[in-house]
Amino acid sequence: MNAGLEHFLTVGALLFGLGVFAVLTRRNAVGLLMGVELILNAANLNFAAFARYVEHGIDGQVLAAFVIVLAAAEAAVALAIVLAMFRNFGTVHVDAVDRLRR
Amino acid sequence: MSENAVLQTALAILLLPIVSYVILFFFGKKLPRRGDWLGTGLLGVAWLLALRIFCHFWSVGDPQLRVHGAWPWLDLGGFRIDAGILVDGMTAVMLVVVTTISFFVHMFSIGYMHGDRRYERYFAFLGFFTFSMLGIVLSSSLFFLYVSWELVGLASYLLIGFFFHKPSAAAANKKAFLTNRVGDFGFFLGILTFFTVCGTLDYFELFAKVHQGAIGGALLTWAGIGLFMGCVGKSAQVPLHIWLPDAMEGPTPVSALIHAATMVAAGVYMVARLLPLFDPGALLVVAYTGAITAFLAATIAVVKTDIKKSLAYSTISQLGYMVMAIGVGGAAYGMFHLTTHAFFKALLFLGAGSVIHSVHSQEMPEMGGLRHKMPITFWTFLIATMAIAGVPLLSGFYSKDAILGAALSFGMLEGHFAPFLLALLAAGFTAFYMFRMVFLTFTGKPRDHHKWEHAHESPWVMAGPLVALAFLSIVSAGWRGPADGWFARFVAPYDMERVVARYGDAPAAQVAAVHETAAAHDVAEASGHGAPETHAAPETHATTDAHATTDAHDAHVEHVHHQAHLIAMFLSIAIAGLGILLSWLTYQKGRISAAAALARFPRVHNVLQNMYYFDEFYAATVYRGVLAWSRASGWFDRVVIDGIVNGCGYLTRFTSWVIGVFDLRGVDGAVNGVAWLMQGAGEGFRRVQTGRVQTYLVFVCFSVVLLIFVFRAL
Amino acid sequence: MGEHVLSWMTFAPLVGMVVIAFLPRERPTLTKVVAAAAAAVPLLLAFQVFATFDRSTAEMQFVERGSWIAPFNIEYFMGIDGLSVTMVLLTALLSFLCIIASWRIDKAVKGYFALFLLLETGMMGVFCALDFFLFYVFWEVMLLPMYFLIGIWGGPRKEYAAIKFFLYTLAGSVLMLLAMLAFYFNVRNPDTGAHTFNMLHMMDQANHSPWLQLSHVRHLIWIALFIGFAIKVPIFPFHTWLPDAHVEAPTAVSVILAGVLLKMGTYGILRISYPMLPDAALWFAYPLAILGMINIIYGALCAMAQSDMKKLVAYSSISHMGYVLLGMSAFTTQGINGAVMQMFNHGTITAMLFLCVGVIYDRAHHRDIDGFGGLGLQMPVYTSVFSLALFAALGLPGLSGFISEALVFLGAFPTYRTITIISALGIVLGAAYVLWMLQRVFLGEKNPKYDSLPDISARELATLVPIAAVVVWVGVQPSPVLDLMRVTLNNLIATVGR
């Protein structure tokens, strides 16, 4: 059995769905971040797959590399925010932090 | 007398009575005897001056002699009115008539009005009346004719209402003035028409213009009828005669002066004076109006029991004669009758006044047998009665006979016999009712003994004028008809050629001052002597004006006149005799029962007793109509117009209220409403803003799914 | 004084008003004397004007001129010609007599006389002003005292009457204001080229801008001016303020109202509308004649229906002002002279009538015509004077009213035949209501209720006799008055004429 583009896309979609699910349902900020990572990686997978099967170039891989770097930076910033949030509010549950709404 | 002297004398005659008025009105109470001597004296002087003018005109003997003076009075630049005085034969006669009667009435009033609380006011008013009446006589333009015309109306108003504390007098003077005003309405329109077409108000300029054909056709007829309406009002012709019987509310001497001899004759004088302004069509109206008036009034006089009312209807009837005379082409006869009538009718009224003064009643059924108690009054009254009834050798016979003759020849020439027949019948009635009056008042047994006991002959100041007037009633017979007597010297038709020569199309003549007039007259006179044929024999103007050129026709007309006058004379003697006889049989001998006659014709009696229902007719139509209109106007003004105005006010207030409400609820509401809406919306959207990223993401997901479906659908 | 006659006449009453303001309240007689003195100044000067007025020219005389509000070219420009001189004389005479007639006012004396003098200033100013803006200012100045004089010293429904009068007149003023501005922005001073309020410039058609020469514009402006003036005259159907105002106003105010204020309407038409918009005047002549006829007949009929003497006189005013309209709509020498003379004569006659009504009202405290009867015996002098006024009102020859009415008819008949014939019925109707009232009040049996009424007093007689003298004098000898106006009016007719 040869793995085709559709398989990669299916895995990507699954990953994306899991990521979205995590972002929507998780109350823990760290879990939420992990959901975001899943979404980003689903996108990476898709980039790589499209690059391999459709474009026959390296643009997709390059973009994926960018995304990985970006995700790392984002994770660093986001974790710093989570840390600050925990320090300020004593919790990492996002729905407890609705100060802006008041 | 020079022309200037004539003018000055005329002016003096005119002004003396107004001087009397002014002095008596303001200072009468302070004068000894409350000034009666002053008014009477001034009138006496005026009378002498009038006689002087009369003698002058008599001695000159030229009926075309006219003295005309004018003074600028009002000048608008392009329009001017001059105050003018015109003295000619007709004026001279009228001056004498007016001042004579006025003088005797003044004198009579000294006795009659003795002890009245407004004694001096009475003489003042008499003076004012005489002034106004002389104004009518002397005026030389329609403007001042109208002015004087209205002023006599005022004098009449004041004197009818002299006893104004009586409601009947207060109603009578208003009625007189208003009825006259209706006539004056037409008069005024006639004047306006002549002024508009001819551009002048001066008599002779108008005559010249009319003669030259500046105005003609139906317009001339209507303008003439308009002028005649003035006469209808003033001279109490049907249908505006209703005021004169009521005017008897005034003191009796006033009735003699104003409502018998002079003012009511002013209408006749006016038509005779302005004769060239009337075309045959208008004159036919004049003739019929006069004839109908003469007849209707005579029949009413038969049933009246109030001595003054009966005399009033007699006056109306005689005025009808005069008017008819002018209409049928006998203007000079009309003027003659005016003169004789003035004397004997004034005498009749003064005689009646003497009786009333003596028995304190006006009802003939309460009198009777006064003959021996008041011999002077009786005899003078009898003379006047015979004169008016048309007994030969007395003045009334000649004047009435002349009129009947003119009416008959008018019928024979023009085919209109109705005026003659009506006038003839009226003559019979006149004889009948006048003698009825004499019999009821003076002869027979006294019917009210108490009154009879107290009756007495009047003092000389009253009896004197009676005698004088009786004398004049007889003597004026000698003046005879214009055709054969010397009255012709005074009242002759205008010589139109000379009028045109002097006044036609020369606007400079309009501004003639006294001396210029005199000069112009000399010229005219010279030309008159140079061309004696312009002194045409007196002729009937209306019928013959158009055909006067052919001698044959003239001869025929002359013949008809002669014939007619003969026939008329016999007929009038016969019918007067018949009237007197019937009256004698009824009221003296009692052979014919008046009551029985009345009982046989109750309807006729009713109609006569109610004066042909003229008053009722006017009450039902004119008075009610005007009052209804006036009430309707008042209502319209109060309810509709003011209603609209107030409605506008209310509408404004209502609108402002609505706007106020709208402002409060609407505009302000809108502002608040927007805020409220925003707040509500904010309230609603606030619930969406949870602050939870997951919630937002749910929305994002749903939105994406939705968008997918949307784009798929596209 | 010689140089500023008109200013003195106009502002002497104003000075009097200021003086009155500083007088002590406890001395009412002093107030009255000061008021009379202040009103006497214009009266004396009026004699001078009458004596020295040049009757042979149509030019403006006694002219005074100076800049007032320079940025808008508004001037203090006064002067009189034959049209206004009679009105000025009338105003001076009536104002003085009215002050005498008001001697028995005892409510708020200072205020009454102060307002009265202000009113006189306004009236004089209106008749003298030759600057449209100045004219307008005086026109409005007059309104205010009138409002208070009716509203404070009036009868039972004074507030209603005062407000009605005020609103009506104000509505007219607004239209006049619009017309005035239309003129201002479309008329240029030929010397400077600037906009101007100068009436004489406005009268010169050459100064009008092209827009102002459009005929529909001119008609519109004419209508606006006409309504403004018609309310003042008053012309049917804008007349209902008049009876109310008259009935409620105190006697002297009624006199001024009928004697002078009504004339401002017709004066305005002749001073402003006619010369400034001559073509529109001709265009509107026929309707104007019809309105005149309606005023004459309708006013007379309404007068006949009244039971209140003052209302009767008020409606007779409406009827008499109709003659003015009829005369001036005819554009003939006799018509226009008759019309302006009628303005003067009506002023004097109606003043007499109102003063006479005031006399009886002071005694009997009512004016119900049917409530009297037989006063002729009780008050003979009063009866004579009142009768004279009434007969003058019904147009009896020998009294002034006749001359002007006759001239109006003589002038109008050639132009409008049917209208004049119908209008001439007014002389019958006029006689009817006058005589009917005379009969009910003075003739007949004496009403025992009034057995003790005193006859007219010397002071009252003093107010009436001068007017009566004028009425008789003008009736017998009209040329002195006609000579004043003749040249000016003939000139007006020649410029407007057909």
Side-chain angles (χ1 to χ4, degrees), chain B residues 25 72-79 117-118 121 132 143-144 146-151 153-154 157-158 161 164-167 169-171 173-174 177-178 180-182 184-185 188-189 191-193 195-197 201 626-627 629-638 641-642 644-646 649 652, chain C residues 164 167-168 236-237 239-241 243-244 298 300-306 315 332-334 337 374 376-377 380 391 395-398 402-403 406-407 409-411 413-414 417 420-421 424-425 427-429 431-433 435-436 438-439 442-446 477-479 482-483 486-487 489-490:
Chain B
F25 189 88
W73 181 69
L74 183 155
D75 186 358
L76 295 178
F79 170 77
R117 61 183 285 188
R118 293 165 76 228
R121 199 48 73 82
S132 321
F143 188 83
F144 280 95
Y146 186 80
V147 167
S148 311
W149 194 261
E150 291 286 307
L151 288 181
L154 173 68
Y157 174 86
L158 293 171
F164 60 74
H165 50 271
K166 286 195 295 184
N173 64 352
K174 182 186 70 175
F177 199 97
L178 285 184
N180 270 302
R181 271 260 156 148
V182 173
D184 293 348
F185 169 68
F188 193 59
L189 290 182
I191 293 174
L192 284 180
T193 309
F195 171 75
T196 304
V197 180
L201 289 167
V626 170
L627 281 183
W629 266 105
S630 113
R631 247 178 259 129
S633 299
W635 176 87
F636 182 77
D637 205 63
R638 207 174 53 249
I641 305 235
D642 220 23
I644 291 174
V645 172
N646 284 337
T652 313
Chain C
K164 199 169 175 182
L167 288 182
Y168 243 125
F236 177 92
H239 65 276
T240 51
W241 63 268
D244 282 314
Y298 183 80
L301 283 172
C302 284
M304 209 183 294
Q306 302 307 320
Y315 277 106
T332 53
T333 302
Q334 301 92 311
N337 278 288
L377 289 176
F391 277 109
L396 191 84
F402 168 75
I403 311 280
L407 284 177
F409 283 127
L410 285 171
F413 193 67
R417 201 147 292 183
T420 312
I421 290 176
L425 275 174
I427 63 175
V428 181
L429 293 173
Y433 66 75
L435 293 183
W436 197 23
L438 202 59
Q439 178 193 3
F442 295 103
L443 311 184
E445 279 169 42
K446 202 154 78 178
Q477 189 54 268
S479 3
L482 282 171
D483 283 347
R486 187 182 76 191
V487 177
L489 296 182
N490 288 349

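Since we're looking at a predicted model, the values are computed, not measured. Order of the sequence lines fixes the chain letters, A, B, ..., with proteins taken first and strands second; residue numbering starts at 1 for each chain.
Neither the backbone nor the side chain of B:A169 comes within contact range of chain C; no heavy atoms are under 4.5 Å apart. With a threshold of 4.5 angstrom between heavy atoms, C:A303 does not approach chain B through any atom at all. Of the two parts of B:F143, only the side chain, counted from C-beta on, holds a non-hydrogen atom closer than 4.5 Å to a non-hydrogen atom of chain C. For C:L377, the parts sitting under 4.5 Å from any heavy atom of chain B are the backbone and the side chain alike. If you measure heavy-atom distances from B:I644 to chain C, you find no contacts under 4.5 Å at all. Contact annotation for B:R638: neither backbone nor side-chain heavy atoms come within less than 4.5 Å of a heavy atom of chain C. Of the two parts of C:W241, neither the backbone nor the side chain holds a non-hydrogen atom closer than 4.5 Å to a non-hydrogen atom of chain B. Only the side chain of C:L407 comes within less than 4.5 Å of a heavy atom of chain B; its backbone N, CA, C and O stay farther away. Interface remark: B:S148 contributes no atoms to any contact with chain C (heavy atom separation under 4.5 Å).
Counting heavy-atom pairs under 4.5 Å between each of C:G395, C:A431, C:P380 and chain B puts C:A431 at the top. The candidate with the highest count of non-hydrogen atom pairs below 4.5 Å against chain C, out of B:T193, B:V197, B:N173, is B:T193. Of the residues considered (B:W635, B:W149, B:Y157, B:F25), B:Y157 shows the highest number of contacts with chain C, using heavy-atom pairs under 4.5 Å. Chain B forms more heavy-atom pairs under 4.5 Å with one residue of C:N337, C:L167, C:T332, C:D244 than with any other, namely C:N337. Considering only heavy-atom pairs separated by less than 4.5 Å from chain C, the leading option among B:L178, B:V645, B:D75, B:L76 is B:L76. For the options C:G376, C:P243, C:A300, heavy-atom pairs under 4.5 Å to chain B are most numerous at C:G376. Per-residue heavy-atom pair counts under 4.5 Å with chain B were compared for C:G374, C:A424, C:G411, and the maximum is reached by C:A424. Considering only heavy-atom pairs separated by less than 4.5 Å from chain B, the leading option among C:F402, C:Y298, C:W436 is C:Y298. Across C:L396, C:L489, C:T420, C:V487, the residue that shares the most heavy-atom pairs under 4.5 angstrom with chain B is C:L396. Highest contact tally toward chain C, considering only B:I641, B:L151, B:D637, is held by B:D637 [criterion: heavy-atom pairs under 4.5 Å].
Shown here are the ring pair (Phe, Tyr, Trp, His ring centres under 6.0 Å) partners of B:F164, two or more places apart in sequence or in another chain: there are none. Considering only residues two or more places apart in sequence or on other chains, B:D184 meets the salt bridge (charged side-chain N to carboxylate O under 4.0 Å, His left out) condition with none of them.
Taking the six-membered ring for Trp, B:F188 and B:F195 have ring centres at least 6.0 Å apart.
Between atom OH of residue C:Y315 and atom OG1 of residue C:T240 there is a gap of 7.5 Å, rounded to the nearest 0.5 Å. The distance from atom SG of C:C302 to atom CZ of B:R631, rounded to the nearest 0.5 Å, is 13.0 Å. With rounding to the nearest 0.5 angstrom, the CZ atom of B:R181 is 12.0 Å from the CG atom of C:L425. Here the CD atom belonging to B:E150 is positioned 8.0 Å from the CG atom belonging to B:N180, to the nearest 0.5 angstrom. A distance of 4.5 Å separates CG of C:L429 from CE of C:M304, quoted to the nearest 0.5 Å.
Within the cation-pi definition used here (under 6.0 Å to the ring centroid, within 45° of the axis), C:R417 qualifies as a partner of C:F413.
You'll find the side chain of B:H165 stays beyond 4.5 Å of the side chain of C:E445, heavy atoms only.
With a 6.0 Å radius and a threshold of 12 heavy atoms from other residues, nucleotides or ligands, B:W73 has its CH2 atom above the threshold. The environment of CD in C:Q477 is crowded: more than 12 heavy-atom neighbours from other residues, nucleotides or ligands sit within 6.0 Å.
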